[in-house]
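Report on the structure given below.
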Amino acid sequence: MDYKLTLQATAAHQFCVGAEQVFLGWLDVEIMYAAFFGSNPSLQLISCQSDPVVGGYFAYAAKLNGIDRNHTGEYLQLRKPNKLVLTWQVNLVELPPSKLSIRIEDKPEGALLLLAHELPLDWAEFVANAEMAWTQFLIDFDRALMFKNANRNL
């Protein structure tokens with residue numbers, strides 16, 4: 001990245017499962033696809049790819065009303081079960097690749113996920129929107145994780 005990241009949008013979410021399950025959910029293409037795109041019948045799946053190794057890339061893509069929606073990035077750090085760092089880019093936003101840092105803490109009641117999205121200074125007006133979007137994403141991610149876990153136990 002050739003620009004300075006100086007702002008942070010943050011979000012947190014309490015899960016009822018442990019840190020390892022949450023960590024592995026971030027690497028699971030089915031869970032991530034469901035969290036990003038949900039069960040909208042108007043969405044057309046394009047691809048879900050993930051190479052969860054340091055230096056590996058991920059790409060989750062769908063089409064809605066003729067518009068491609070791509071979420072892409074590179075895994076920079078993977079320390080199971082507590083830390084993920086990755087680049088982040090969405091094709092619908094004119095933002096160069098930014099950086100996500102995810103910390104997952106095991107608590108007696110389940111894992112607490114803390115997300116920090118580093119953004120360039122000229123995106124200050126979008127920090128609040130990014131925080132709302134990541135907060136909603138974490139709720140959707142939790143649902144997708146629970147749904148997959150429930151189906152696994154059937």
Minimum heavy-atom distance between D106 and A19, given as atom pair plus value: OD1-N, 3.0 Å
Begin with the C-alpha distance, continue with both residues' side-chain angles, and end with the deciding distance and a verdict on side chain to side chain contact (heavy atoms under 4.5 Å, CB included) for L45 and Y33. CA-CA 9 Å; L45 171 65; Y33 184 81; 3.3 Å; yes
Would you say the side-chain atoms of T72 and Y60 include a donor-acceptor pair closer than 3.5 Å? no
Just verifying a value: how many Å separate R79 CZ and R103 CZ, rounded to the nearest 0.5 Å? 10.5 Å
4.5 Å side-chain heavy-atom contact, E118 and Q8: yes
Between the side chain of D51 and the main-chain N/O of Y57, is any donor-acceptor distance below 3.5 Å? no
With a 4.5 Å cut-off on side-chain heavy atoms, are P52 and Y75 touching? yes
What residues, two or more places apart in sequence or in another chain, satisfy side-chain contact (heavy atoms from CB on, under 4.5 Å) together with I46? A61, K63, D68
F23 and N82: side chain to side chain contact (heavy atoms under 4.5 Å, CB included), yes or no, with the steps? CA-CA 7 Å; F23 180 93; N82 302 103; over 6 Å; no
Could you measure the distance from the NE2 atom of H71 to the SG atom of C48? Nearest 0.5 Å is fine. 11.0 Å
Taking E105 for its side chain and A111 for its backbone only, find out whether a donor-acceptor pair lies under 3.5 Å. no
CH2 of W88 to OG of S101: how many Å apart, nearest 0.5 Å? 13.5 Å
Heavy-atom donor-acceptor pair, N91 side chain to N70 backbone, under 3.5 Å: yes
Under 3.5 Å, is there a donor-acceptor pair between the side chain of T87 and the main chain of E74? yes
Check: V17 and M146 side chains under 4.5 Å, non-hydrogen atoms: yes
For I102, run the side chain to side chain contact (heavy atoms under 4.5 Å, CB included) check against L114, V22, L86, V85 and tell me which one passes. L86
Determine whether the aromatic ring centres of residues W26 and F15 are separated by less than 6.0 angstrom. no
Donor-acceptor contacts, no H, no angles, side chain residues 125-145, under 3.5 Å, sequence neighbours left out:
residue : atom : partner : partner atom : Å
E131    : OE2  : T10     : N            : 3.0
E131    : OE2  : T10     : OG1          : 3.4
W134    : NE1  : H117    : ND1          : 2.9
T135    : OG1  : E131    : O            : 2.8
Q136    : NE2  : D140    : OD1          : 3.0
D140    : OD1  : R143    : NH1          : 3.2
D142    : OD2  : H13     : NE2          : 2.7

Are I104 and L112 connected into the same hydrophobic cluster when the rule is that any two of I, L, V, M, F, W, Y join if their side-chain heavy atoms are below 4.5 Å apart? no
Check step by step if side chain to side chain contact (heavy atoms under 4.5 Å, CB included) holds for R69 and F37. CA-CA 9 Å; R69 299 171 184 275; F37 303 118; 4.0 Å; yes
First locate atom OG of S98, then atom CD of Q89, and finally report the distance between them rounded to the nearest 0.5 Å. 8.0 Å
CG/L27 to CG/L78 distance, rounded to the nearest 0.5 angstrom? 6.0 Å
